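The block underneath contains the structure these notes are about, expressed in structure tokens.
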Amino acid sequence: MEQLVVFLPLLVILGVFMFFASRRQRRAMQATIDLHESLQVGDRVHTTSGLQGTVTDITDDTVDLEIAPGVVTTWMKLAIRDRIEPEVPEAVEVDETDAVELTADADRLPKD
């Protein structure tokens, strides 16, 4: 009976660890499934091997990727790691005081 009392805290800690680890894995798997279901023609994607391409055709199990103009390869859907989001340039806000200072600095430059 004493041996059970000694190992009981270890078993509880191990059980809690396994619960949280499986929960994290289940969440990651669901995110991957959602990505594969939301793929559309024209999306830029990364594969698990690091290749970048544009989706040209989708079937139940495969995805055709254009990796260069006119070069289309067929991949398993499971090989798609993530979608490449298009980069949106951030707008730079300039105060009027900054614009006045820039103009004043430009006036001080030597003119050739």
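For the numbers below, each heavy atom of this structure counts, side chains included, while hydrogens, waters and symmetry mates do not. Note that the structure is predicted; figures quoted are calculated from it, not measured.
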### Query
Between His36 and Ile80, is there a donor-acceptor pair closer than 3.5 Å when you use the side chain of the first and the backbone of the second?
yes
### Message
Donor-acceptor pair, distance only, cut-off 3.5 Å: does the side chain of Gln30 make one with the backbone of Asp34?
### Response
no
### Query
Where do Thr56 and Leu65 come nearest, in terms of heavy atoms and distance?
OG1-N, 4.3 Å
## Note on the structure
Tightest non-hydrogen contact, residues Ile58 and Val41, listed as CD1-N, 4.1 Å
### Query
What do the steps show when you test Leu51 against Ile67 for side chain to side chain contact (heavy atoms under 4.5 Å, CB included), and what is the final call?
CA-CA 8 Å; Leu51 184 78; Ile67 56 175; 3.3 Å; yes
### Contacts of type side chain to side chain donor-acceptor pair (under 3.5 Å), residue Thr32, not counting sequence neighbours
none
### Message
Quick one, Gln52 and Ile84 - any side-chain contact, counting heavy atoms below 4.5 Å?
### Response
yes
### Val63 and Leu39, any side-chain heavy atoms less than 4.5 Å apart
yes
### Summary
With Asp64 as partner, the option from Thr59, Thr74, Thr73 fulfilling side-chain hydrogen bond (donor to acceptor under 3.5 Å, both in side chains) is Thr74
### Query
Can Ile13 be reached from Val16 by stepping across I, L, V, M, F, W or Y side chains whose heavy atoms are under 4.5 Å apart?
no
### Query
Just checking, is any N or O donor in the side chain of Thr48 or Arg81 under 3.5 Å from an acceptor N or O on the other one?
no
#### Entry: Summary of side-chain hydrogen bond (donor to acceptor under 3.5 Å, both in side chains) pairs that have at least one residue in residues 11-29, sequence neighbours excluded
none
### Task
Run the numbers on Arg83 and Arg44 for side chain to side chain contact (heavy atoms under 4.5 Å, CB included), then give the verdict.
CA-CA 6 Å; Arg83 181 181 290 120; Arg44 298 270 306 153; over 6 Å; no
### Message
So that I can tick it off, tell me whether Lys77 and Asp61 are bridged by a salt bridge, with the cut-off set at under 4.0 angstrom between side-chain N and carboxylate O.
### Response
no
### Task
Take Trp75 and Thr47 through the side chain to side chain contact (heavy atoms under 4.5 Å, CB included) test and state the conclusion after the steps.
CA-CA 9 Å; Trp75 293 76; Thr47 64; 4.0 Å; yes
